[in-house]
> 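Dumping the structure here so I can ask a few things about it.
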Amino acid sequence: MSANPNTITIDGQEIPFTAKQTIMDAALAAGVYIPHLCHYPGLPPSGNCRLCMVETGNRNVAACITPAVAGQEIRNNTPELNEVRKSITQMLFVEGNHICPSCEKTGNCKLQAMGYYLGMLDDHFPQFYQRREMDASHAEILLDRGRCILCDLCVRASRDVDGKNVFAIAGRGTNAHLIVNSPTGKLADSTIATTDLAATICPVGAILIKEQGYQVPVGQRIYDQHTIREIGLRESIAKKNDD
Ligand code: SF4
Ligand code: FES
């Protein structure tokens, strides 16, 4: 049990928290990285990628949706949990069509960066080779569902920040897919704009602004120079400074 009533411990480090903070919020605010793909500071959590799974007591919980409770003792950066996270990352790779060398998001992709961070050397699981619809109808924005990891970030960004509700996830399990809320179901007929958070938040190369892909050369991109840990902590600090 932690001595301070408003603290939790993560891997033995005492961390303060405030009312309504999740384990993820408290950890990031204290500079402790918990791997995540579907969490983004300032957006409501969805708890769907499961990368942020931590151990508390005898339970595994998703840190982004679990409230911090005084005295919680949490295990996060352990070989066992990182091995599970690596398997989840490998599953995300094989469920979609992630051909990193030919994807213009390479070097800026959080899924790829997570693979590096967790020491992923191969896909491990057989490829699904899913056939999912590409939507190139919009003049400035491309949607390639083949690379979508169904993190729900564009859905929340459009609904909660842009105030538009352009995206939704339909179906369940292997039938789950991203849909566009427009009369034709095409991006061209939606209200999305390049200035929307939903147009730029995609962690992978599923939503791309057209004609910008190679402005920064490969080798000089975000995750060519920083780990996903560094960027995850930086995004959290940037949000705190905005508030
Ligand atoms: Fe997430 Fe991108 Fe798929 Fe939207 S398009 S659900 S942001 S991976
Ligand atoms: Fe918690 Fe995705 S970051 S489930």
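All figures in this text were calculated on a predicted structure; none of them were measured in a lab. Both ligands and their constituent atoms are indexed starting at 1 by order of listing.
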> Thinking salt bridges, do Asp224 and Arg221 make one under a 4.0 Å N-O criterion?
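Salt bridge between Asp224 and Arg221, a charged N being under 4.0 Å from a carboxylate O: no.
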
> Using a distance threshold of 2.8 Å, what protein N/O/S atoms lie below it relative to atom 1 (Fe) of ligand 1?
Cys151 SG

> Between Thr106 and Gln112, does any side-chain donor sit less than 3.5 Å from a side-chain acceptor?
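Note: Thr106 and Gln112 side chains meet the donor-acceptor criterion.
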
> Same cluster or not: are Leu37 and Val32 linked, directly or through other Ile, Leu, Val, Met, Phe, Trp or Tyr residues, by side-chain heavy atoms under 4.5 angstrom apart?
yes

> Check the pair Thr7 / Glu14 against side-chain hydrogen bond (donor to acceptor under 3.5 Å, both in side chains), numbers first and verdict last.
CA-CA 6 Å; Thr7 61; Glu14 199 167 33; 3.0 Å; yes

> For Arg156 and Ser46: C-alpha separation, side-chain torsions, deciding distance, then whether side-chain hydrogen bond (donor to acceptor under 3.5 Å, both in side chains) applies.
CA-CA 9 Å; Arg156 285 172 278 156; Ser46 71; 3.2 Å; yes

> Do the rings of Tyr33 and His36 sit parallel, tilted or perpendicular, given the 30° and 60° boundaries?
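Ring orientation of Tyr33 relative to His36: tilted.
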
> When you check the space around atom 2 (Fe) of ligand 2, which protein N, O or S atoms turn up under 2.8 Å?
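Sorted hits: Cys38 SG, Cys49 SG.
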
> List the steps, then state whether side-chain hydrogen bond (donor to acceptor under 3.5 Å, both in side chains) holds for Glu73 with Thr56.
CA-CA 6 Å; Glu73 292 184 7; Thr56 173; over 6 Å; no

> Looking only at non-hydrogen atoms, find the nearest pair between Phe167 and Ala198 and report the distance.
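Result for this residue pair: CE1-CB, 4.1 Å.
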
> Looking at Tyr129, I'd like to know if its OH atom is crowded, meaning that more than 12 non-hydrogen atoms belonging to other residues, nucleotides or ligands lie closer than 6.0 Å.
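12 or below, so no.
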
